[in-house]
Amino acid sequence: MKIGNIKIEGIARLAPMAGISNAPFRTVAKECGSALTTSEEIDANALIKRSKKTLDDIASYYPEERPIALQILGSEKISLVEGSKILQDSGADIIDLNMGCPVPKITKTGRGSAMMKNLNNTADILSAMRKAIKVPFTIKIRSGWDEKNLNAVELSKIAEDIGIDAITVHPRTRAQRFTGKSNWDVISEVVSAVNIPVTGNGDVNTISEAIKMRNYTNCNSVMIGRAAIGKPWIFDEKFESLSYEDQYKYKTKIINRHINLIKNHFSDRIALLQMQRHLSWYAGGQDRVRSFRVSLFSTKSFDEAIEVFDTYWKSLSYSKNLAKVV
Ligand SMILES: Cc1cc2nc3c(=O)[nH]c(=O)nc-3n(C[C@H](O)[C@H](O)[C@H](O)COP(=O)(O)O)c2cc1C
């Protein structure tokens with residue numbers, strides 16, 4: 001599919017996830033086969049204030065990641081326009097607007113999915129952003145604010161008229177947050193209503209499920225979020241057909257790569273926190289994971305965390321339960 005003039009190969013791509021979809025994780029997802037990656041949400045006001053944490057940890061990306069979509073979050077026209085320009089100047093190939101975050105702290109200031117409430121105001125903001133953004137401009141939406149306000153189709157048509165280049169639909173309402181099942185029919189409805197590319201998202205755990213979503217909804221691509229946490233290799237279509245031993249080797253290579261990227265990208269303190277989280281996820285579903293996690297989260301330095309993980313991970317390779325290491 002093409003988003004504006006940007007060609008995107010492959011069906012599945014990593015979803016933006018705050019605190020998770022940063023440059024190191026996006027890079028390993030991309031190296032495993034994620035078609036395009038999108039940054040986690042970047043607060044427009046923090047961008048304008050040139051917050052160091054925002055610029056260094058959240059909005060930064062590696063040149064090899066390009067084309068890269070950087071996602072902006074905000075509610076005021078001026079800050080969204082100015083923030084988008086900053087992202088554009090930093091080299092974003094695509095700017096995505098977050099219109100789906102359901103977290104009360106975010107929605108109470110009119111950000112995220114609260115932008116689906118007053119479509120007149122939102123249309124005004126989208127038009128102003130469209131005028132300022134020279135690169136492809138996309139939005140990520142939910143099915144609506146709640147069951148009584150299902151307006152994904154209406155919003156998508158407005159967005160297309162304004163010149164938005166592509167839309168991602170996570171078909172849950174804001175009220176559902178992450179509960180219940182995503183309603184893929186809403187994705188189909190948006191696909192039928194507009195002539196711009198639509199990415200479907202929600203409850204996809206494997207590439208075969210991504211293909212199922214595409215066939216069911218006719219969407220152009222699929223975003224995978226939670227299922228990729230601790231398993232970036234799901235973007236590799238070949239992974240499932242590897243032997244358990246080769247899967248284990250593949251995972252070990254990816255984890256090592258991720259560890260190195262984290263170490264070089266963040267300050268020591270953030271690197272340790274990131275490493276603990278990701279290593280804990282990488283161990284998900286394995287033997288003795290609880291005791292491993294207790295040891296991991298009690299480590300005080302990056303090297304200590306790696307050592308604890310290394311001992312644990314190697315013990316798995318010799319375990320007779322190797323077959324479970326998936
Ligand atoms: C921890 C977490 C953080 C998220 N942060 C963002 C975000 O920054 N921007 C965004 O558009 N969506 C965010 N999402 C939503 C995901 O992008 C995705 O829409 C949602 O998880 C549904 O897809 P899934 O079923 O594949 O996980 C987040 C989801 C999770 C679980």
Side-chain angles (χ1 to χ4, degrees), residues 14-32 34 37-43 45-47 49-62 64-65 68 70-73 90 98 101-106 111-112 177-178 224-235 251-286 288-316:
L14 179 69
M17 287 183 286
I20 299 167
S21 300
N22 45 39
F25 188 58
R26 291 194 306 263
T27 299
V28 290
K30 186 165 182 141
E31 288 173 359
C32 288
S34 170
T37 54
T38 306
S39 75
E40 58 191 299
E41 58 198 21
I42 308 167
D43 185 77
N45 287 325
L47 273 173
K49 285 184 199 141
R50 308 265 169 190
S51 145
K52 191 170 155 44
K53 180 181 178 323
T54 298
L55 294 174
D56 291 354
D57 292 350
I58 302 176
S60 63
Y61 63 90
Y62 301 121
E64 311 85 69
E65 287 187 75
I68 175 87
L70 298 183
Q71 188 186 68
I72 193 160
L73 172 78
S90 83
N98 181 326
C101 182
V103 178
K105 179 177 88 178
I106 301 290
R111 297 174 293 166
R177 295 183 73 165
F178 289 94
I224 303 181
R226 288 163 297 171
I229 299 175
K231 287 178 285 174
W233 36 80
I234 63 164
F235 291 106
K251 289 175 179 182
T252 306
K253 199 175 111 201
I254 297 297
I255 295 169
N256 279 330
R257 168 87 170 129
H258 196 183
I259 288 171
N260 281 319
L261 287 167
I262 288 180
K263 189 168 187 174
N264 292 328
H265 190 74
F266 295 108
S267 65
D268 288 355
R269 192 181 68 81
I270 305 289
L272 174 61
L273 293 173
Q274 275 288 317
M275 203 63 264
Q276 286 170 324
R277 295 181 83 191
H278 284 280
L279 291 180
S280 147
W281 287 323
Y282 281 128
Q286 318 286 350
R288 297 168 274 106
V289 66
R290 275 179 172 216
S291 56
F292 159 69
R293 283 177 173 158
V294 170
S295 309
L296 179 70
F297 284 105
S298 66
T299 56
K300 299 276 178 286
S301 73
F302 196 88
D303 289 344
E304 202 190 335
I306 305 296
E307 209 181 300
V308 167
F309 179 76
D310 199 47
T311 308
Y312 172 72
W313 192 250
K314 279 185 182 140
S315 77
L316 291 175

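What's counted below: heavy atoms across the whole structure, side chains too, no hydrogens, waters or symmetry copies.
With values rounded to the nearest 0.5 angstrom, Ile262 atom CD1 is found 8.0 Å from Ile306 atom CD1. Taking CD1 of Ile42 as the start and OG of Ser60 as the end, the distance is 9.0 Å to the nearest 0.5 Å. Summarising the geometry, atom NZ belonging to Lys253 is positioned 14.5 Å from atom NZ belonging to Lys251; distances are rounded to the nearest 0.5 Å. Interatomic distance, Leu73 CG to Arg111 CZ, rounded to the nearest 0.5 Å: 5.0 Å. A distance of 8.0 Å separates CD1 in Ile255 from CE in Met275, rounded to the nearest 0.5 Å.
With hydrogens and angles ignored, the 3.5 Å screen pairs a side-chain donor or acceptor of Ser21 with a backbone N or O of Ala15. Side-chain N or O atoms of Ser295 include one that pairs as donor or acceptor with a backbone N or O of Ser291 at under 3.5 Å. For the pair Arg277 (side chain) and Gly19 (backbone), a donor-acceptor distance under 3.5 Å is present. Judged by distance alone, the side chain of Glu65 and the main-chain N or O of Tyr62 form a donor-acceptor pair under 3.5 Å. Side-chain atoms of Lys300 come within 3.5 Å of backbone N or O of Ser298 as a donor-acceptor pair. At distances below 3.5 Å, not a single donor-acceptor pair connects side-chain atoms of Asn256 with backbone N or O atoms of Ile259. Checking side-chain atoms of Gln274 against main-chain N and O of Asn22 turns up no donor-acceptor pair under 3.5 Å. In this structure, Ser34 contributes its side chain and Phe235 its backbone to no donor-acceptor pair below 3.5 Å.
When all heavy atoms of Phe292 and Leu279 are compared, the pair lying nearest together is CE2-O, 3.8 Å. Across all non-hydrogen atoms, the minimal contact from Ile68 to Arg26 is CD1-NE, 3.4 Å. Contact record, Val289 with Ala283: CG2-O, 3.4 Å, taken as the closest heavy-atom pair. Taking both residues in full, the closest heavy atoms of His265 and Asp56 are given as NE2-O, 3.7 Å, listed atom of the first, atom of the second, then distance. For the pair Leu296 and Ala305, the tightest heavy-atom approach, listed with the atom from each and the gap, is CD1-O, 3.9 Å. Gly225 and Met17 make their closest contact through O-CE, 3.3 Å (heavy atoms, listed as atom of the first residue, atom of the second, distance).
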* Test log, rule side chain to side chain contact (heavy atoms under 4.5 Å, CB included), inputs Ile72 and Leu47 -> CA-CA 9 Å; Ile72 193 160; Leu47 273 173; 4.0 Å; yes
* To do: Mind running side chain to side chain contact (heavy atoms under 4.5 Å, CB included) on Glu307 and Asp303 for me, showing each step along the way?
  => CA-CA 6 Å; Glu307 209 181 300; Asp303 289 344; 5.9 Å; no
* Evaluate the side chain to side chain contact (heavy atoms under 4.5 Å, CB included) criterion for residues Leu14 and Thr38: first the C-alpha distance (whole Å), next the side-chain angles of each, then the deciding distance (0.1 Å), finally the verdict. => CA-CA 7 Å; Leu14 179 69; Thr38 306; over 6 Å; no
* Any chance you could lay out the side chain to side chain contact (heavy atoms under 4.5 Å, CB included) test for His278 and Ile20, step after step, and finish with the verdict? => CA-CA 9 Å; His278 284 280; Ile20 299 167; 4.1 Å; yes
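Contact of the Thr37 side chain with the Phe25 side chain is not registered, since no non-hydrogen atoms from C-beta on lie closer than 4.5 Å. Using a 4.5 Å heavy-atom cutoff, the side chains of Trp281 and Lys231 are not in contact. Considering only heavy atoms from C-beta on, Pro232 comes within 4.5 Å of Ile254 through its side chain. Taking the side chain as every heavy atom from C-beta outward, Phe266 and Asp57 approach each other to under 4.5 Å. The shortest side-chain heavy-atom distance between Pro104 and Arg177 falls under the 4.5 Å cut-off.
With sequence neighbours left out, the side chain to side chain contact (heavy atoms under 4.5 Å, CB included) criterion links Ala18 to Glu40, Glu41.
With salt bridges taken as basic N to acidic carboxylate O contacts below 4.0 Å, one links Arg257 and Glu31. Using a 4.0 Å cut-off between charged nitrogen and carboxylate oxygen, Asp43 and Lys49 do not count as a salt-bridge pair.
For the 3.5 Å distance criterion, the side chains of Arg293 and Ser280 qualify, holding a donor opposite an acceptor. Donor-acceptor pairing under 3.5 Å is lacking for the side chains of Thr27 and Glu64.
More than 12 heavy-atom neighbours from other residues, nucleotides or ligands sit within 6.0 angstrom of CD on Glu304. Residue Asn264 qualifies as enclosed at atom CG: its count of foreign heavy atoms under 6.0 Å is above 12.
Relative orientation of the His258 and Tyr282 rings is perpendicular, given thresholds of 30° and 60° on the angle between their planes.
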